[in-house]
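Just so you know, residue 1 is the first one in the sequence shown, and it goes up from there. Predicted model, so just to flag it, every value in this text is computed and none were measured.
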Amino acid sequence: MDSSGITLELAGLEPLVITKDSNFVNVGERTNVAGSRKFLRLIKDGKFEEALSIALEQVEGGAQILDVNMDDGMLDAKESMVTFLNLIASEPDISRIPIMIDSSKWEVIEAGLKVVQGKSVVNSISLKEGEEEFLRQAQMVKAYGAAVIVMAFDETGQADTYERRIEICKRAYDLLIQGAKFDPRDIIFDPNIFPVATGMDEHRRNALDFFEATAWIRQNLPGAHVSGGVSNVSFSFRGNNTVREAMHSAFLYHAIKAGMDMGIVNPSMLEVYDDIPEELLQLVEDVLFDRTENSTEALLDYAENVKSAKTTTKKEQEWRNETVEKRLSHALVKGITEFIVEDTEEARLQYDRPLEVIEGPLMDGMNIVGDLFGSGKMFLPQVVKSARVMKKSVAHLTPFIELEKEGARQSNGKILMATVKGDVHDIGKNIVSVVLACNNFEIVDLGVMVPMDTILEKALEHEVDIIGLSGLITPSLEEMIHIAREMKRRNLDIPLLIGGATTSRVHASVKVLPEYDKIVHVGDASRAVTVASQLMSTSRNSYLAKIKAEYMGVQEMYNKRRSEKKYLSIDDARANSLKLDWNSYSTPKPIKEGVHSFIDIPISVLRNYIDWTPFFQTWEMHGKYPQILSDEICGKEAQKLFDDAERLLDRLEESGVIRNAAVIGLFRAHSEGDDILVEDSAGQTKRLLTLRQQSQKASGAPNIALADFITPVSYNKPDWIGCFAVTAGLGIEKQIALLRKDHDDYNVILLQAIADRLAEALAEFMHEKVRKEIWGYAAQEDLSNQELVKEKYRGIRPAPGYPACPDHLEKKTIWELLDVESSTGIALTESLAMLPTASVSGYYFGHPESKYFGLGKISRDQIESYAQRRKISIDEAEKWLSPQLNY
């Protein structure tokens, strides 16, 4: 392993950098014809486009690598593999993660390697055909730049004992290192997970041998990884999910401890390890570790008597009979505010000083919360509820502490949090702040749209230990770089955390690190505490050095990939534009041209258009709705969160305290090169600028710009384009202020998340209204909400700042065309973020072949063209489009 701490680097469109501190890497298996009957049926029927939805579900469900296998007797596996991988390459939401090319046939693997993008994983090669063929395949895998899974299989068969496993893996490792000159970090062993509790004596040690072989591999074969398919272990109990889920959870728990760091795991077939009933866990682990002669029989007896349905619970109020310390701890862990003031007062009267209540039972309880969240046994909504309990308790104690004029309690560190200048989004920042506060960090929250000078001056004034910056829109990335550069100029020695939807490990490594080398990218709230704790420890400097080395590795990988990626000149890309048949197609004339405003669409209507999946993602609960409500790992808490959201919607519907507004317009339009010429309501021409893909495409694939979906002016045929802006956040700030006054972060975040969902629902509702009534090109459309979420309708509504049109400057033209601020109250900040934050804006394209796409990286020649058309300097163009630059 090199000094950077990186143990494996893979990539789709985005890098997957695995370090020794990384958690278990989950491989999605539903795009394997042997792992999903639905996927097999779709591939057999030639419905490859529909099969992509399964791949997308895997990515959205948290898969970090996508396993693709086409080995079936009724399929041409080679052709199917190439077809599907090419389709994946055209879907940025899927192809952003690395691909595992999975086949037992070398010709299928090689065909996949020829078309897959990024750095993939081959699954698998083995010694079953001898050393010569093994080395030939290994050298070809290396030549294609992939990592490889090696099965514990040789000329005499699969390894089925500890001795055979380590013998084959050692032999394969030596051949790969010495013969193929393989990087050991690109070697992944699968030492074979076999069923246990089969009733056959030779299978009794299957799990134990796997654990021991895994530990041996990690200790004796430096750099190598261990993977496997966990569901194999429980085949003896097919049909009994209760036992199977417990077996998977216990097996995975012990396999990870032994050193297994990636594998195929179905999250819906896992029980939370700590929630496995004590008796069942004992029986399962007796089997896994072969502890007794009759362990299999005992587990079989249990399985016969247990029902899959899970029953619970204890008397809900039993905890009220405990000591006040235990009651406080229970309230914090469970997020119960009902009794917190009276329990806090009781504790205050028992302790010598009120500060001791905070530093004693309250912090003890919050430490439990932090430990549970850090180990994945508690979910974000629960943590935020815990913080609400803590704040209410502290608020009750604060006046008594002030009367005694005591100093502030000891904290784990002081952290300044701010959303950068021009950006108004703070849900993510609020969540991270709550999680850090739960772990006894003192938070100095400066809010949103905070200028650089204010951030740095307040950091020095409050003597903070860490600065945390958040941003959602792409201009925020430039602002973060600006702040980092200034911190270096001022010779500051304060670690800088950066996070937010548009930030990434690559951005931190390539753009921020050269300006200030004390930075850490925090991708989600669950990492924040670990990072902050490391920065407050005695090993701070070595931790920062390790992070810097990792980011330097990411830089190197990024630069290598950038140099390998081929781009067309902008002239050649335009020559390869999407060619639609404008001779035989005429755009339907809108029923109602011009601008139309709408105020206060009833929430009862908008509820029917809510896409709930992103709501759960806001709370870091990944999975698709409604399946997430029955998920075995987080389903219970997801259902509680959903119920809270529904109750909040009821209250908003009844009270009317949050209002919504929308404005849409349909205008005559033609395309002229990459521009769209729009005739506004006054008959004046405005110009919308679009950007064109420049990456070199597979043969026959076009380089698309949004202008391609509008009739060129040379055809002298009428066409139209739509624009829209909607908000569901009018009045929200007052409600948030009231909730914050009551120390209720949970409902602050819940309200913000619901407002965002309502804004998206309003955008969906208005788009449907446009298609069916205002433009009217799809008057007979009759789609369910699920079909709307899957975008089964004709036409698209791309938004400035998103993959097809990342140029936020286009919002200015939309605002002029629609007079947005007067019609809806939505204002633009200097960085072109929308206020209220629960707002959406964009375009309507109605052509039947219009589709969403990702622009990708673009070259300097297009930037020069764009700057000239926009009438701005090249420097300013590069600032606004910095994430898209390939140079």
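- Counting only N and O atoms by type, the side chains of Asp756 and Gln752 include no donor and acceptor under 3.5 Å apart.
- Residues Ile99 and Ile65 have side chains not in contact (no heavy-atom distance under 4.5 Å, counting atoms from C-beta outward).
- For Arg607, the CZ atom sits in a packed shell: over 12 heavy atoms of surrounding residues, nucleotides or ligands are nearer than 6.0 Å.
- Side-chain atoms of Leu649 and Leu758, non-hydrogen and from C-beta on, do get closer than 4.5 Å to each other.
- Side chain of Glu764 to backbone of Ile610: no donor-acceptor contact under 3.5 angstrom is found.
- A donor-acceptor pair is defined here as one N or O able to donate and one able to accept, closer than 3.5 Å; no such pair exists between the side chain of Arg30 and the backbone of Ala55.
- Using a 4.5 Å heavy-atom cutoff, the side chains of Asp102 and Val68 are not in contact.
- Electrostatic pairing of Arg651 and Glu654 does not count as a salt bridge here, judged by no charged N lying under 4.0 Å from a carboxylate O.
- Taking the six-membered ring for Trp and the full ring otherwise, the centers of Tyr746 and Trp619 sit less than 6.0 Å from each other.
- Contact annotation: the side chain of Phe237 approaches that of Met247 to within less than 4.5 Å [non-hydrogen atoms, C-beta and beyond].
- Shown here is Gln786, whose CD atom has no more than 12 heavy atoms of other residues, nucleotides or ligands within 6.0 Å.
- Looking only at side-chain heavy atoms (C-beta outward), Ser234 and Val243 stay at 4.5 Å or farther from each other.
- The cationic atom of Arg320 (NZ for Lys, CZ for Arg) lies less than 6.0 Å from the six-membered ring centre of Phe339 and within 45° of the ring axis.
- For Tyr802, the OH atom counts as loosely surrounded, since its 6.0 Å shell holds 12 or fewer non-hydrogen atoms of other residues, nucleotides or ligands.
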